[in-house]
Amino acid sequence: MNISSAKYIAYDGNNTSVNAIIDGKQWAVPLDLANTDYQAILEWAKIDGNTIEEAD
Amino acid sequence: MSEIRVNKVVNSTGDNDSGLDMTTNDQVLIKTANTTAITVDSSQNVASAGNLTVAGNLTVSGTTTGVASSTNKNYIINGAMQISQRIGDASSSATEYGATPDRIRQEAYGGASASFQRVTDAPTGFSNSLKVTCAGTTSPSAGNTLRLMTGLEGQDIAHLEYGTSEAKTLTLSFYVKASETGTYSTAFVNIRPSGNITANVTRSQIKTYTVNSANTWEYKTLTFSGCPNGTWGSSNSDGITIVFDLGSGSNHQGATDTWLATSDTLASGQVTLGDSNGGTWQITGIKLELGSVATSFVYKSYREELSACERYYQIISNGHGSAFNTGRAGFGLELRQTMRANPAFSQTAVLAITNGSAWDKSQSSVNVSIIASRVNPTGAQLAFDNFSGLTQYQPVAINTGAGKIIASAEL
């Protein structure tokens, strides 16, 4: 799985999901630890240089 | 009416040791080579010492004991590759993680040049197989992987009591066809491995099978003992993951036929498909069943198999909502099957929407978001940006002929 970017989406000031580019495709990913795309984003963010951007 | 009373009837040729033996009261023995082949006892029970072949039909009025049923439950979903929602019959590359027939993940991590495709080349009785084609000639480095896997939810295998002394034996069967003969590996692991992220995998058992003839369909069966220890999932997350290793790097190599406290999926001496330019490997008819006997694959209807796959992946082509502003529309989606977890969403292409009569409008580029935290395994509220010219609060519907919405809760 190739994740090239990830950014939190917030609602009322709280992060509620992540929009990410995974294998070249845009995904809206829930903050659910059982979701394997979210698991992969968290693993990706552990690698130096990778960050989940803060929400606008 | 006359009768001949004898205790034995034997053949008159050779060494005279085959025939009928009735020397014991109320018992008839049929012997060959001086060994009882069939016994009929006083209760009219018949016992055969060898194999029994029935050319015609076999009718059983009572119960059967120790006889494998041809309808044993198959734990594998889409074992015959009937469903391919992601790619249809197109070829996908190694960089498209998971772009394979449903419920099969490919993992070509670290440079293996491979493509994955559902094809119609299949053994008798099947319509499809999954074909892996390698284009490179580079041997994998130690951490590289080239493998396919399918995962079972913990709650679907909890009754097998993995992690306890009562863990059940399972038998895996499948049809395989490969361009290279030799040894290949299959493994059970307790957590789905992902690339070189193997820290969470703490139990594996590797079994090998041999491809005897190149480019020929062969039927293989592997029996795995139940794992008596380790942590095995019992919820909607990873249960048992079955891995078909096609030649990963040496970091993934381990001993065979025993449970390991590692993430290994590769046996020593395994064929390395990734270094064989043009090398191919195909699989179909995957069945995992309880016990040590492999029984025949039972085909499911397309409807049944699709429904099972949609717990993990759905493509949605309709929905109703409204324009939030000139550039954004929102929809409430009801999912066809309860998904394994809260799904992630994407699109096959830009979405087109309609107000029902006056116009169709399309996104300039794909963009989907989950509204707040409004997602659960049965539905979600989604917002789609990159429209223009919408009228706020006007009702809109998804145009079913354009891009579609993907929901994924894959293992």
Side-chain angles (χ1 to χ4, degrees), chain A, chain B residues 86 92-99 105-107 109 151 153-154 191-192 194-197 199-200 233 235-238 312 339-350 363 365-377 380-386 405-411:
Chain A
M1 184 178 290
N2 178 28
I3 298 169
S4 50
S5 68
K7 182 177 183 176
Y8 282 112
I9 301 297
Y11 184 76
D12 281 348
N14 297 313
N15 291 334
T16 55
S17 63
V18 178
N19 278 7
I21 304 298
I22 303 172
D23 293 336
K25 189 185 287 283
Q26 192 254 326
W27 285 87
V29 181
L31 306 185
D32 180 356
L33 287 171
N35 184 289
T36 53
D37 293 306
Y38 185 52
Q39 292 173 9
I41 290 170
L42 294 178
E43 291 293 336
W44 170 83
K46 291 178 184 175
I47 300 170
D48 283 348
N50 295 339
T51 304
I52 305 175
E53 292 179 53
E54 293 301 319
D56 292 332
Chain B
R86 293 172 178 82
S92 66
S93 73
T95 59
E96 296 173 84
Y97 189 80
R105 274 193 186 262
Q106 57 92 345
E107 185 195 64
Y109 176 81
E153 287 182 48
I191 303 286
R192 175 181 53 86
S194 178
N196 62 350
I197 302 169
N200 295 329
S235 66
N236 61 337
S237 288
D238 293 303
Y312 306 91
M339 301 196 77
R340 182 191 63 80
N342 294 339
F345 294 92
S346 187
Q347 299 175 233
T348 60
V350 294
Q363 293 173 292
S365 61
V366 167
N367 190 299
V368 56
S369 298
I370 297 167
I371 299 173
S373 298
R374 296 168 191 163
V375 57
N376 63 47
Q381 292 182 10
L382 303 178
F384 296 85
D385 288 305
N386 298 340
I405 302 167
I406 297 166
S408 176
E410 190 57 86
L411 266 177

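When all heavy atoms of Val29(A) and Ile370(B) are compared, the pair lying nearest together is C-CD1, 3.9 Å. Residues Thr348(B) and Lys25(A) share a closest heavy-atom pair of CA-NZ, 4.4 Å. Nearest heavy atoms, Gln39(A) versus Arg192(B): OE1-NH2, 3.6 Å.
Remark: the backbone N or O of Ser373(B) is not paired with any side-chain donor or acceptor of Thr16(A) at under 3.5 angstrom. In this structure, Gln26(A) contributes its side chain and Val368(B) its backbone to a donor-acceptor pair below 3.5 Å. Side chain of Asp32(A) to main chain of Asn342(B): a donor-acceptor pair is present (N/O by atom type, distance under 3.5 Å, no hydrogens or angles).
Comparing Ala20(A), Ser17(A), Pro30(A) by heavy-atom pairs within less than 4.5 Å of chain B, the highest count is held by Pro30(A). Ranking Ala344(B), Ser237(B), Ala341(B) against chain A, the residue ahead of the rest is Ala344(B), based on heavy-atom pairs under 4.5 Å. Taking Ser365(B), Ser408(B), Ser346(B) one by one and counting their heavy-atom pairs under 4.5 Å with chain A, the maximum is reached by Ser346(B).
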Steps toward side-chain contact (heavy atoms from CB on, under 4.5 Å) verdict (Asn35(A), Met339(B)): CA-CA 10 Å; Asn35(A) 184 289; Met339(B) 301 196 77; over 6 Å; no
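Contact of Asn236(B) with chain A is made through the side chain alone, with heavy-atom distances under 4.5 Å. The contact between Val375(B) and chain A is made entirely by side chain atoms (from C-beta outward), counting heavy-atom distances below 4.5 Å.
Between the OH atom of Tyr11(A) and the CD1 atom of Ile371(B) there is a distance of 9.0 Å, given to the nearest 0.5 Å.
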